[in-house]
*Asks:* 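One structure coming up, written as structure tokens, with questions to follow.
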Amino acid sequence: MTDEYLFISDCHLDASRPEVTDALTVFLQQQASTAHCLYILGDLFEVWLGDDATFELSPILAALQQIAKNTEVYFIAGNRDFLLGENFATQAGLSIVTEPLSIELGGQAVLLIHGDSLCTDDHDYQEFRKMVRDPLWQSTFLSKPLTERQQIAAQLRQDSVAAMAQKSMQIMDVNQQAVDACFRTQSVDIIVHGHTHRPAIHRYPDNNTRYVLGDWNPGPSYLSWREDQGFKLVDSRVP
Ligand code: MN
């Protein structure tokens, strides 16, 4: 066991991309099994239609159950898997936590979020987010038969793809004022998030740093923290 903290997001696990499932399974079995904590910052799954929906995740579930014996695993919902519930969490041995989550590492305050809340230029998306994060909308959706949930999800996805094609890259990135406000109102030194699929380390005045986790296509992307090392972003796209 080490004092390592690991952070991942945006694996978008899906039956159509078995190589990502394989890469994550290896990551869980190797890096994560000896870590103190693993934080999953959303969009672990490409889509989550309820804990009763079948999905070919047996290797991931087995790997999560295995590491949960030694490693604390936390999950923050993304915009794809916000319906992941307590049934699955209990089965997988992870704890669902709500964002924003603030933790302390090496004397620094670190804020953990999925990242979509910072994309404030995308007004349509923020409206959509408000709708689907409403507990009443969620319970109504989850009470529908699975086939109906699949149809609704497919329609929402189609609408989203069509809308994204019309939006500029800038609109879909974080808004800098929202980032500044987040550092200020949450009184943190560091923000860690995913969602934008633009892995990077952004350094700001006052020693503030924003680590952006990448998606897992083409390969693993994770942030590591250890007392003797500090933060290290591991991603083939970041020097
Ligand atoms: Mn996302």
*Asks:* Measuring from atom CG of N217 to atom SG of C11, what distance do you get when rounded to the nearest 0.5 angstrom?
*Replies:*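 Spacing of CG (N217) from SG (C11) equals 11.0 Å.
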*Asks:* Side-chain contact, heavy-atom cut-off 4.5 Å: E46 with L13?
*Replies:*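 No. Closest side-chain heavy atoms not under 4.5 Å.
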*Asks:* If you apply the rule side chain to side chain donor-acceptor pair (under 3.5 Å), what do you find for N79 with D116, and how did you get there?
*Replies:* CA-CA 7 Å; N79 54 299; D116 52 336; 5.5 Å; no
*Asks:* Have a look at I113 and tell me which of I76, I191, V192 forms a side chain to side chain contact (heavy atoms under 4.5 Å, CB included) with it.
*Replies:*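 One option only clears the test, and that one is I191.
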*Asks:* Check residues 94-102 and write down every donor-acceptor pair under 3.5 Å in which the side-chain atom is one partner and the other belongs to a residue at least two apart or another chain.
*Replies:*
from : atom 1 : to   : atom 2 : distance (Å)
E99  : OE1    : H114 : N      : 2.7
E99  : OE2    : R129 : NH2    : 2.8

*Asks:* Do the ring planes of F27 and W216 sit parallel (below 30°), tilted (30 to 60°) or perpendicular (above 60°)?
*Replies:*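 Geometry flag for W216 against F27: perpendicular rings.
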*Asks:* Quick check on the hydrophobic clustering: are F231 and I201 connected, directly or via other members, by side-chain heavy-atom contacts under 4.5 Å?
*Replies:*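 Result: yes, single cluster for both.
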*Asks:* Carefully, step by step, assess F7 and W225 under the rule ring-ring contact (aromatic ring centres under 6.0 Å, His included).
*Replies:* CA-CA 9 Å; F7 307 87; W225 181 90; 9.0 Å; no
*Asks:* Spell out, as yes or no, whether a donor-acceptor pair under 3.5 Å connects the side chain of T34 to the backbone of T2.
*Replies:*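 No, the answer is negative, given that no donor and acceptor are paired below the 3.5 Å cut-off.
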*Asks:* Are the side chains of R198 and R237 in contact, using a 4.5 Å heavy-atom criterion?
*Replies:*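 Not in contact.
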*Asks:* Is the CG atom of N207 crowded by more than 12 outside heavy atoms at less than 6.0 Å?
*Replies:*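 Counting neighbours around CG of N207, 12 or fewer heavy atoms of other residues, nucleotides or ligands fall under 6.0 Å, so no.
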*Asks:* Give a yes or no on whether the backbone of G214 and the side-chain of D10 come within a donor-acceptor separation of less than 3.5 Å.
*Replies:*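 No.
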*Asks:* Closest approach of L44 and L24, non-hydrogen atoms and distance?
*Replies:*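 Nearest pair, atom of L44 first, then L24: CD1-CD2, 3.6 Å.
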*Asks:* List for me each residue that meets salt bridge (charged side-chain N to carboxylate O under 4.0 Å, His left out) alongside E72, sequence neighbours excluded, and say none if there are none.
*Replies:*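 Partners of E72 by the salt bridge (charged side-chain N to carboxylate O under 4.0 Å, His left out) criterion come out as none, since no residue qualifies.
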*Asks:* How far apart are the C-alpha atoms of L213 and I8, what are their side-chain angles, what is the distance that settles it, and do they pass the side-chain contact (heavy atoms from CB on, under 4.5 Å) test?
*Replies:* CA-CA 7 Å; L213 301 162; I8 60 169; 5.5 Å; no
*Asks:* Backbone N or O of N208 within a donor-acceptor pair of the D206 side chain at under 3.5 Å?
*Replies:*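 The answer is no, because no donor-acceptor pair under 3.5 Å joins these two groups.
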*Asks:* Should D52 and R149 count as an ion pair when the cut-off is N to O under 4.0 Å?
*Replies:*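 Yes, this pair counts.
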*Asks:* Are any non-hydrogen side-chain atoms of T21 and P59 less than 4.5 angstrom apart?
*Replies:*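 When only atoms from C-beta onward are counted, P59 and T21 do touch, with a gap below 4.5 Å.
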*Asks:* So with a 6.0 Å cut-off around CD of E104, is the heavy-atom count from everything else above 12?
*Replies:*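 Yes, because the 6.0 Å sphere around CD of E104 holds more than 12 heavy atoms from other groups.
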*Asks:* With side-chain contact (heavy atoms from CB on, under 4.5 Å) as the criterion, how do I40 and Y74 come out once you've worked through the C-alpha distance, each side chain's angles and the decisive distance to 0.1 Å?
*Replies:* CA-CA 6 Å; I40 302 168; Y74 299 96; over 6 Å; no
*Asks:* Under the salt bridge (charged side-chain N to carboxylate O under 4.0 Å, His left out) test, which residues partner K167, sequence neighbours left out?
*Replies:*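 Residues passing salt bridge (charged side-chain N to carboxylate O under 4.0 Å, His left out) with K167: D122.
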*Asks:* Can you see which heavy atom on L49 is nearest to which on A153, and at what distance?
*Replies:*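 Nearest pair, atom of L49 first, then A153: CD2-CB, 3.5 Å.
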*Asks:* State plainly whether one hydrophobic cluster holds both L41 and V238, where clusters connect Ile, Leu, Val, Met, Phe, Trp and Tyr through side-chain heavy atoms under 4.5 angstrom apart.
*Replies:*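 L41 clusters together with V238.
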*Asks:* Going by distance alone, is a donor N or O of one side chain under 3.5 Å from an acceptor N or O of the other, for D159 and Q155?
*Replies:*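 Checked: D159/Q155 side chains pair up, N/O donor to acceptor below 3.5 Å.
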*Asks:* Which residue, Q31, E4, K232, forms the side-chain hydrogen bond (donor to acceptor under 3.5 Å, both in side chains) with S224?
*Replies:*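 With S224 as partner, side-chain hydrogen bond (donor to acceptor under 3.5 Å, both in side chains) holds for just one option, E4.
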*Asks:* Does the side chain of F45 reach to within under 4.5 Å of the side chain of L84, using non-hydrogen atoms?
*Replies:*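 F45 reaches L84 side chain to side chain.
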*Asks:* For residues 178-190, dump all side-chain donor-acceptor pairs below 3.5 Å to protein atoms at least two apart in sequence or in another chain.
*Replies:*
from : atom 1 : to   : atom 2 : distance (Å)
D180 : OD1    : Q176 : NE2    : 3.0
T185 : OG1    : A181 : O      : 2.9
D189 : OD2    : A109 : N      : 2.8

*Asks:* Given 3.5 Å as the limit, does a donor-acceptor pair link the side chain of S160 with the main chain of L156, or not?
*Replies:*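 The answer is no, because no donor-acceptor pair under 3.5 Å joins these two groups.
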*Asks:* Linking directly or through intermediates, with side-chain heavy atoms under 4.5 Å: list the remaining ILVMFWY members grouped with V212, chain and number order.
*Replies:*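 The other cluster members (ILVMFWY side chains, heavy atoms under 4.5 Å, direct or chained): none.
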*Asks:* Can you establish whether the number of heavy atoms outside M131 located under 6.0 Å from its atom CE is more than 12?
*Replies:*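 Result for CE/M131: enclosed.
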*Asks:* Show which side-chain atoms of residues 60-69 pair as donor or acceptor with protein atoms under 3.5 Å away, not counting sequence neighbours.
*Replies:*
from : atom 1 : to  : atom 2 : distance (Å)
Q65  : NE2    : Q91 : O      : 3.0
Q66  : OE1    : K69 : NZ     : 3.2

*Asks:* Is the backbone of G85 close enough, under 3.5 Å, to the side chain of D51 for a donor and an acceptor to pair up by distance?
*Replies:*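 Indeed, once roles are kept as given, a pair shorter than 3.5 Å links the two residues.
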*Asks:* Tell me whether E227 contacts the main-chain N or O of G106 through its side chain, where contact means a donor paired with an acceptor under 3.5 Å.
*Replies:*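 Side chain of E227 to backbone of G106, a donor-acceptor pair under 3.5 Å: no, none is there.
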*Asks:* Could you walk me through whether T71 and H36 pass the side-chain contact (heavy atoms from CB on, under 4.5 Å) test, one step at a time?
*Replies:* CA-CA 5 Å; T71 306; H36 175 56; over 6 Å; no
*Asks:* Donor-acceptor pair, R17 side chain versus H12 backbone, under 3.5 Å?
*Replies:*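 Side chain of R17 to backbone of H12, a donor-acceptor pair under 3.5 Å: yes, one is there.
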*Asks:* For the pair V47 and R80, evaluate side-chain contact (heavy atoms from CB on, under 4.5 Å) and give the outcome as yes or no after the intermediate values.
*Replies:* CA-CA 5 Å; V47 65; R80 300 299 193 86; 5.5 Å; no
*Asks:* What class does the angle between the rings of W137 and F141 fall in, given that below 30° is parallel, 30 to 60° is tilted and above 60° is perpendicular?
*Replies:*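 Judged by the thresholds at 30° and 60°, the geometry between W137 and F141 is parallel.
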*Asks:* Please answer: with hydrophobic residues joined when any side-chain heavy atoms are less than 4.5 Å apart, are L111 and L6 in the same cluster?
*Replies:*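 Per the 4.5 Å side-chain linkage, L111 and L6 are not co-clustered.
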*Asks:* If you group Ile, Leu, Val, Met, Phe, Trp and Tyr by side-chain heavy-atom gaps below 4.5 Å, do Y5 and Y211 land in one group?
*Replies:*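 Looking at the clustering, Y211 is in the same group as Y5.
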*Asks:* Under 4.5 Å between any side-chain heavy atoms of Y39 and F75, yes or no?
*Replies:*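 A side-chain contact is absent here, since even the closest heavy-atom pair is not under 4.5 Å.
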*Asks:* Is it possible for you to say whether L223 and V234 belong to one hydrophobic cluster, with membership spreading through side-chain heavy-atom contacts below 4.5 Å?
*Replies:*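 Looking at the clustering, V234 is in a separate group from L223.
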